[in-house]
Amino acid sequence: MKKRTWLLIAALLAALLLAACSASTPQPATTGSAEEATASTADTGSATARIGWAGSPDTLNPGAAVLSEAYTIFDLVYDSMYQLQLDGTYTLELAESADVSEDGKVWTFTLRDGFVFSDGEPLTASDVVFSYNFYKAQTDFPFLNVYTEYFESVEAPDDKTVVLTLSQAIPNLDSQLIFLFILPEHIWADQTENAAEFENLAMVGSGPFKLADYAQNQFVSLEANKDHPLYPPKVDGVVFQTFDNQDALVQALRTGQVDMITEMPKPAVATLRNEANIAVVSGPPGSPSVADIIFNLTNDGTCPEDGVCSGHPALQDRTVRQALAHATDKQQIIDVVLLGFGTPGLTLIPDSLGVWYNDTIQDFEYDLDLANQMLDDAGYADTDGDGVREMPGGGDPLTLRVNWPSDSTWSSRAAEIMSGTWAQAGVQTQLQALDADALTSVCCPTFDYDVILWGWGSDPDPAFLLSVMTTDQIPTGTSESGYSNPEFDQLYKEQAVAMDPDERKAIIWQMQEIAHEDVPYIIPFYDQNVQAYRTDRFQGWITDADKIELSDMTSLTIIEPVQ
Amino acid sequence: MRASYLLGKLAWALFTILFVICLNFFLFRVLPGDPVRSGVRDPRLTQEAQQAIRERFGLDKPVINCFESLNPVKSGPCLINPFETQFFLYVRNLLTGDLGISYHTNRPVSTMLGERLWNTILLIGAGQILAIILGMGLGILAAWKARTPIDFGALLFSLLAWSLPTFWLGIILLFAGSRYFNLPLGGMITPGVNFPGAWARVSDMLRHMLLPTLTYTIVFLGEYMLIMRSTLVDVLSEDYILTARAKGLNHFQILKDHALKNAMLPMVTIIALNLGFTVAGAVQIETVFSWPGLGGAIFEAVGRRDYPMLQGAFLLLAVSVIFANLGAELLYSVLDPRIRAE
């Protein structure tokens with residue numbers, strides 16, 4: 001009995017040692033791998049791009065997914081009517097033409113030939129009709145259901161034609177259709193009950209790649225669909241590997257275990273820049289995001305039912321908010337928190353929204369003297385000499401509660417910097433990080449706070465982030481500031497029906513000017529994507545577009561192995 | 001061993017598990033926040049969609065009725081049928097083996113726990129076995145050679161190993177291993193590879209296991225070594241050991257037949273405790289090496305307010321600790337006749 005145990009242990013030890021010494025493990029390697037370390041591994045001759053990232057999809061079911069990693073995979077495996085390009089424009093993908101009726105309500109799409117699902121069934125107009133109706137029927141799909149809001153009916157008069165009738169003409173149908181991935185009817189028709197719980201592990205799609213292997217929280221392995229009519233990939237496959245440890249992620253690129261990384265800790269950038277055969281690129285991210293400093297603007301008139309609305313009275317005064325904007329050193333926050341990888345922000349509409357971003361706005365420059373002057377002029381004097389201003393007439397001191405989500409990577413440092421410069425303008429702050437749920441419960445629609453540091457992720461279309469600042473969204477909790485401006489609300493309604501792109505752009509630019517002037521938010525920065533790839537493995541990555549997103553479908557379908 | 005003794009122990013274990021089931025359920029629901037809104041922080045999530053998602057997970061029902069004073073547990077009025085409360089449904093599903101659906105992935109919790117449990121047992125199990133063997137061996141050696149340079153060296157090594165921060169040692173080994181031995185930087189297996197055979201697959205997995213197992217072993221062997229050594233040093237100073245020596249028994253016989261058996265009791269306790277917690281995985285090691293184990297899953301579920309996943313994981317953890325302790329107690333009575341007699 002005892003002997004057997006020891007034998008087992010010895011065998012285990014031997015196995016471990018053997019494994020450590022064995023160098024014969026196959027790894028996907030292209031021809032001409034420069035790293036000596038990987039050169040010893042067997043060359044399988046396949047050109048598979050290995051991508052390291054810190055996340056992983058939450059589910060392979062497009063209807064139920066929430067995380068952006070999942071959408072990255074969906075974009076590669078499925079096709080949709082339009083494709084969003086890295087310069088912010090939309091191009092037709094499934095359809096070769098789109099015709100719209102006079103009144104803007106009836107859209108007729110003619111599908112391209114040659115789209116075939118990975119199980120061999122051809123993609124026809126009835127799959128499109130099924131998918132759109134399916135998304136509309138599934139009210140518990142957190143995101144995709146919303147895009148079908150204006151769909152009245154979808155029909156397929158023949159295999160190649162889809163007629164989509166809207167309940168009202170909207171200017172941004174293309175942006176509504178990019179995430180409505182076309183699912184194979186022959187598979188999903190049986191999944192309409194409890195659709196959100198369907199794991200979709202086979203993931204049959206018609207896109208440029210098809211699923212080869214998947215292990216949750218570990219990797220997604222995709223194989224190229226070289227017969228894709230529009231974007232046939234030049235590589236044989238793409239593997240996304242999850243690293244919980246970002247230092248290991250960077251090291252994996254340095255040792256050549258991965259060919260590209262989609263993110264990295266900012267301090268690693270300097271190290272990677274000095275590394276041979278590695279290129280670091282940065283720019284506005286593919287999926288727009290914005291960091292914000294929110295003021296509680298609710299008052300008796302705008303406070304929602306059940307709201308606490310305990311915001312500091314001084315925040316009602318636009319001059320105070322403008323002075324605080326002048327007292328916020330955005331560049332220091334960017335330099336310290338982001339190590340320079342960010343651009344100073346203007347409004348909730350970030351620079352990654354392309355043409356919709358109004359870059360002509362003159363920002364409140366960092367000027368403490370001016371901030372102090374503005375507050376002095378408005379009557380906020382420090383009457384008791386404790387260094388903190390009081391309300392005009394010697395009321396409450398200007399002491400603001402400042403909160404942020406405790407899991408935020410940037411907020412606590414930014415809050416410290418902000419607190420320091422605001423203090424020099426005579427505004428005191430009480431800093432406290434809150435658990436994200438606790439923060440939601442004080443935020444909105446409760447409005448039991450003064451200042452919150454938070455952020456948004458967004459659609460490529462600006463309507464969503466603009467809606468955050470409308471009066472209608474105060475009781476729903478979507479508006480975090482309680483900002484209410486009838487002129488802004490009116491313009492929001494106008495842009496929603498402005499069919500002419502230039503006209504719509506003019507309205508949206510005007511809305512940004514209003515929002516900037518009223519300062520419901522101070523936008524400290526727009527974060528940048530920092531990504532890196534090995535120059536000795538694959539070439540052709542799109543690095544000169546308006547946005548940097550190396551894992552975007554447009555990049556992954558044109559890269560090819562370095563000869 | 002008397003049957004009543006065994007039954008008593010079993011009953012106590014079952015009672016503890018029932019208590020844990022209740023505690024687990026309410027603990028997470030006292031926390032502020034709404035799992036639907038914290039999962040999807042997006043305003044486009046309409047009220048209808050929120051309601052549909054709540055219904056999907058049964059969150060539209062009151063947590064429990066008649067305990068309005070217990071709010072923030074979100075209790076409903078007494079008028080509501082108690083069989084319609086979340087608590088009742090949770091217990092009923094549990095009895096049928098249904099742990100619910102994860103809010104985050106929409107997959108059955110039992111499936112997710114199953115995948116993760118296997119990964120954890122593989123890694124932590126190997127690490128524990130190695131740590132126990134090496135730690136005990138080193139402890140025996142040090143005790144036998146007490147107050148010699150060998151003892152001193154072993155003691156120093158164990159104290160050092162025990163006090164090393166796990167994540168630090170992990171990172172150092174990870175960087176050295178990847179740089180000099182081309183060992184993988186994370187995961188369980190190289191993705192996107194068609195392995196020529198089962199052995200290639202196993203050997204690839206072992207390469208991934210090597211560094212995390214080594215880290216775990218180094219960090220945990222110190223504890224075993226120190227306890228083994230101090231107990232054995234005590235035992236070796238007993239009179240009967242002197243008698244054994246006087247009888248002319250050789251060193252090996254004294255250790256094997258007289259000293260070790262008596263020194264095993266504290267070891268059994270600590271091994272049982274550690275084995276129970278094995279299931280919880282090792283968050284730090286799993287994170288450093290991107291190992292998809294239970295520790296990381298629990299950590300992620302906390303951040304996402306994934307109640308079903310948390311409940312399932314904590315239940316699993318509680319059950320394994322309770323049974324490991326039960327096993328240890330029963331083993332005592334085998335090892336130590338004095339306990340049997342009581």
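Just so it is clear, the model here is predicted, and its values are computed rather than measured. A note on names: the letters A, B, ... follow the listed sequences, proteins ahead of strands, and every chain is numbered from 1.
- Within the 4.5 Å cutoff, the side chain of B:Phe289 has no heavy atoms near those of the A:Asn245 side chain.
- Counting heavy atoms from C-beta on, the side chains of A:Glu199 and B:Thr105 never come closer than 4.5 Å.
- Annotation for B:Val288 and A:Ala248: closest pair O-CB, 4.4 Å, computed over non-hydrogen atoms.
- In this structure, the portion of B:Ile171 lying under 4.5 Å from any heavy atom of chain A is its side chain and not its backbone.
- Heavy-atom pairs under 4.5 Å with chain B peak, among A:Leu67, A:Val220, A:Asn61, at A:Leu67.
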*Can you check side chain to side chain contact (heavy atoms under 4.5 Å, CB included) on B:Phe175 and A:Asp247, steps first, answer last?*
CA-CA 9 Å; B:Phe175 275 53; A:Asp247 295 319; 4.1 Å; yes
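- Of the listed residues (A:Phe198, A:Phe219, A:Phe240), the one with the most heavy-atom contacts under 4.5 Å to chain B is A:Phe219.
- Counting heavy-atom pairs closer than 4.5 Å to chain B, the top-ranked of the candidates A:Ala70, A:Ala196, A:Ala64, A:Ser479 is A:Ala196.
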*May I have the step-by-step check of side chain to side chain contact (heavy atoms under 4.5 Å, CB included) for A:Glu197 and B:Ile101, ending in yes or no?*
CA-CA 8 Å; A:Glu197 285 172 32; B:Ile101 303 288; 3.7 Å; yes
*Go through the steps for A:Asn217 and B:Arg116 under the test side chain to side chain contact (heavy atoms under 4.5 Å, CB included), then give the verdict.*
CA-CA 10 Å; A:Asn217 292 77; B:Arg116 296 298 190 107; 3.1 Å; yes
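- Although no hydrogens or angles enter the test, the distance criterion places a donor-acceptor pair under 3.5 Å between the side chain of A:Gln241 and the main chain of B:Gly186.
- Annotation for A:Gln257 and B:Ser178: closest pair NE2-CB, 4.3 Å, computed over non-hydrogen atoms.
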*Show your working on side chain to side chain contact (heavy atoms under 4.5 Å, CB included) between B:Leu174 and A:Gln251 and close with a plain yes or no.*
CA-CA 9 Å; B:Leu174 187 63; A:Gln251 187 70 4; over 6 Å; no
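- Counting all heavy atoms, side chain and backbone alike, A:Ser221 lies closest to B:Gly192 at OG-CA, 3.5 Å.
- In this structure, CG on B:Asn106 lies 12.0 Å from CG on A:Asn200, to the nearest 0.5 angstrom.
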